[in-house]
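A short worksheet on the structure shown next.
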2 protein chains.
Amino acid sequence: MANVKDVAKRAEVSTATVSRVLTGRNKVNEETKQKVLAAMKELNYQPNYLGKQLRELRSNNILVVVPDFGNTFFYEVLQGIEIQALEHHYEILIKNMKNKEGENLDYFKYLHQKQVAGIIMLTVGEKEKLEIIGNDRVVIATSHLKGVDIPSIHVDNEKSAYKMTNYLLALNHRKIAFISGGFDTISSSNRLIGFQKALKEYGLEMNPQYIREGDYSFESGIREANNLLELDTPPTAIFAASDHMAAGVIKSIQRKGLRVPDDISVAGFDDIELASAVTPELTTISQPAFQIGEHAMDMMHQLITGKKIQNKRRIVEGKLIIRESCKIYKG
Amino acid sequence: MANVKDVAKRAEVSTATVSRVLTGRNKVNEETKQKVLAAMKELNYQPNYLGKQLRELRSNNILVVVPDFGNTFFYEVLQGIEIQALEHHYEILIKNMKNKEGENLDYFKYLHQKQVAGIIMLTVGEKEKLEIIGNDRVVIATSHLKGVDIPSIHVDNEKSAYKMTNYLLALNHRKIAFISGGFDTISSSNRLIGFQKALKEYGLEMNPQYIREGDYSFESGIREANNLLELDTPPTAIFAASDHMAAGVIKSIQRKGLRVPDDISVAGFDDIELASAVTPELTTISQPAFQIGEHAMDMMHQLITGKKIQNKRRIVEGKLIIRESCKIYKG
DNA sequence: ATAGATAATCTAATCGATTAAGATTATCAA
DNA sequence: TTGATAATCTTAATCGATTAGATTATCTAT
């Protein structure tokens, strides 16, 4: 493999000049430039990225930590990240949090070892808080950590859940169950808060049996719906904190021979493609996932280039999308 | 940031010794080792990966080229890749082919520039053939290129489609439509061949109107099903080359007020989570996606470590999964 | 005591690209 | 023709980790 030296020799210039042609950062005489370019072509020269990175002491890789490869919501965020990354010439490295269960979370090692220029965390828990502190070059997407100064972008989880719950209340439902994506998950906790707030404002007592813990997955939706349906007085509406779980809920209800929404209403959260693929189509909260990804990558770029980020905590609105899975309750 | 030199100075040894402690590749006196480790700790030393990579002239990043971030099938493959990557300490870099429309395909640049150690292509078309030739360090997963010596792993697309078609024939269907994932897509073409073969063996004439071109997406499934349903004699069964498209087909049929499978049978391909989330649940071909990913990464590891790959062309069997979306036709 | 073997460690070069500092050349005005 | 200025190019150092080859210390056998 040819390197700068070879090219320099062939073009009868110094390596410095070759490098200047390469980077375009300094002036080079047009004639010289052509000689160098010709030499590169003849030698089929490809600059070695490792050398460049070492000299410049930075990688252009961005690590994206995905909580769960099985949850397709994150891929929509990833698409937004990718578009922005393409624009600014970053490469995306991904890690699945789920594969690391139990092991220590050493994502930040990548940062300290300069293997990546930054880390975008899709969702975080309190666990990561300590590790994150002291690291610039971290952006949190789809969630937020209280009390630390990390740029983040996410939907207003509380408000969105509040909206959905009010919608269900307006449909005359009083026995509403909530399936969380995990009690220790920040985004899900906020959705639960919004849910509870709506009930409370409506003057309804919370039934602890109606609060269930899933893990955002389809399977956990099935499982928790099964549990709910076995109660003496099952709910008339189930609000799941993700579309994956909501799809599982629908599946569970249908397997029991009941109908959605005629017998039980089901609501989701995220508005991923799945939401409109299932039957009945899901009434859900639309998260602008793509946009969230773009924001995250945009803030990362600001961090890396040392610019001041205007608006470090960005919150976008979730939109209530009414489809077919919820119906007025006629007790 | 501390580097080997600083550590060496502090531990009163040479950088060579520090490095030997770091890599563990050579003998170091236990006492010296402890001194070095202590120095590292005191300085909070983190080895710089860029230096290491340059010296060793290799990156441990593997580029995975995903045809379409929107198709969740690939994420199941990705999970398999990730597990194996974790095992062998590779990092995964991903690229979305869809974002590169029109631009020249310069994935191989990453290889030449040593930015990645290898490339796993999820699906390829004839277009990439020329670029691939001459590159070792490439593995193709979920597809295969004829006439080139590239390691590949995929299901037997033809046989699997043949199986499914025979199943539909056995259910007494005679007017069967096929929705391709793209006529220029190798995997999809082979599925079409299997489909046609089954019809032919059964002595059925192929109706060109029943062969449609989608792009593996949910939306294209809706679109092509709409077209099929508008025919004078619509098919009694629709076989889509992906679950995403099959889900779209079901949606389209239901929107027209018809029922699946009572009015029309629908079959898919892939057996992703979506297949059992939709109603009715999809009868489909199960691809061992996870296993395919593992194989791909395994072969990549062999390539990188210079070992001879036993069985360069690996083919796994697709399994017919019978669920609810197909039913016997009573003309 | 000494040569020879072995183990532990060090010195200095190396990977390939970039760049600061300095050298050289070209250009122009006086 | 000289001096000043700008344009262009070169030399050599640099980024941080690794390693071939040299050196030193330690031990064994004679």
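Each chain gets a letter, A, B and so on, in the order the sequences are listed, and its residues count up from 1.
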Measure the distance from [atom1] on [X] to [atom2] on [N] and round it to the nearest whole Å.
X	N	atom1	atom2	value
Q53(A)	dA17(D)	CD	P	15 Å
L57(A)	dG16(C)	CG	P	18 Å
N60(A)	dA17(C)	CG	C1'	15 Å
K5(A)	dT10(D)	NZ	P	15 Å
K114(B)	dA17(C)	NZ	C1'	15 Å
E31(B)	dA8(C)	CD	C1'	12 Å
K27(B)	dT26(D)	NZ	P	18 Å
Q115(B)	dC15(C)	CD	P	21 Å

Check your understanding: Should the ring pair H301(A) and Y90(A) be called parallel, tilted or perpendicular, given that the plane angle runs from 0 to 90° and is split at 30 and 60?
Key ->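 H301(A) vs Y90(A) ring planes: perpendicular.
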Review point. Would you call the rings of Y75(B) and Y75(A) parallel, tilted or perpendicular if under 30° counts as parallel and over 60° as perpendicular?
Key: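 Ring orientation, 0 to 90° scale: parallel.
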Exercise for review: State whether D106(B) and K95(B) are salt-bridged, where the test is any N-O pair (Lys NZ or Arg NE/NH1/NH2 against Asp/Glu carboxylate O) under 4.0 Å.
Suggested key: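 Salt bridge absent between D106(B) and K95(B).
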Check your understanding: With a 4.0 Å cut-off, would you call K35(A) and E42(A) a salt bridge?
Key ->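 No, no charged N to carboxylate O under 4.0 Å.
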Looking at [X], does any N or O in its side chain come under 4.0 Å of the phosphate oxygens OP1/OP2 on [N]?
X	N	result
Y45(B)	dA17(D)	yes
K52(B)	dT18(D)	yes
N48(A)	dG16(C)	no

Please tell me whether [X] and [Y] have a donor and an acceptor in their side chains that are separated by less than 3.5 angstrom.
X	Y	answer
N60(A)	Y49(A)	yes
R313(A)	H154(A)	yes
S143(B)	S187(B)	no

Review point. Among dG16(C), dC9(D), dA8(C), which is the nearest nucleotide to the side chain of N29(A)?
Key: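 Side chain of N29(A) sits closest to dC9(D).
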Exercise for review: Please figure out whether R25(B) or L50(B) has its closest DNA chain D nucleotide nearer the 5' end.
Suggested key: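 Its nucleotide being nearer the 5' end, the pick is L50(B).
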Check your understanding: When you measure from every atom of DNA chain D, which of residues 10-22 of chain B have a heavy atom less than 4.0 Å away?
Key ->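 Here the set is T15(B), A16(B), S19(B), L22(B).
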Check your understanding: At under 4.0 Å between heavy atoms, what does L54(A) touch on the DNA or RNA strands: base, sugar-phosphate, or nothing?
Key ->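 Base, at least one base atom sits under 4.0 Å.
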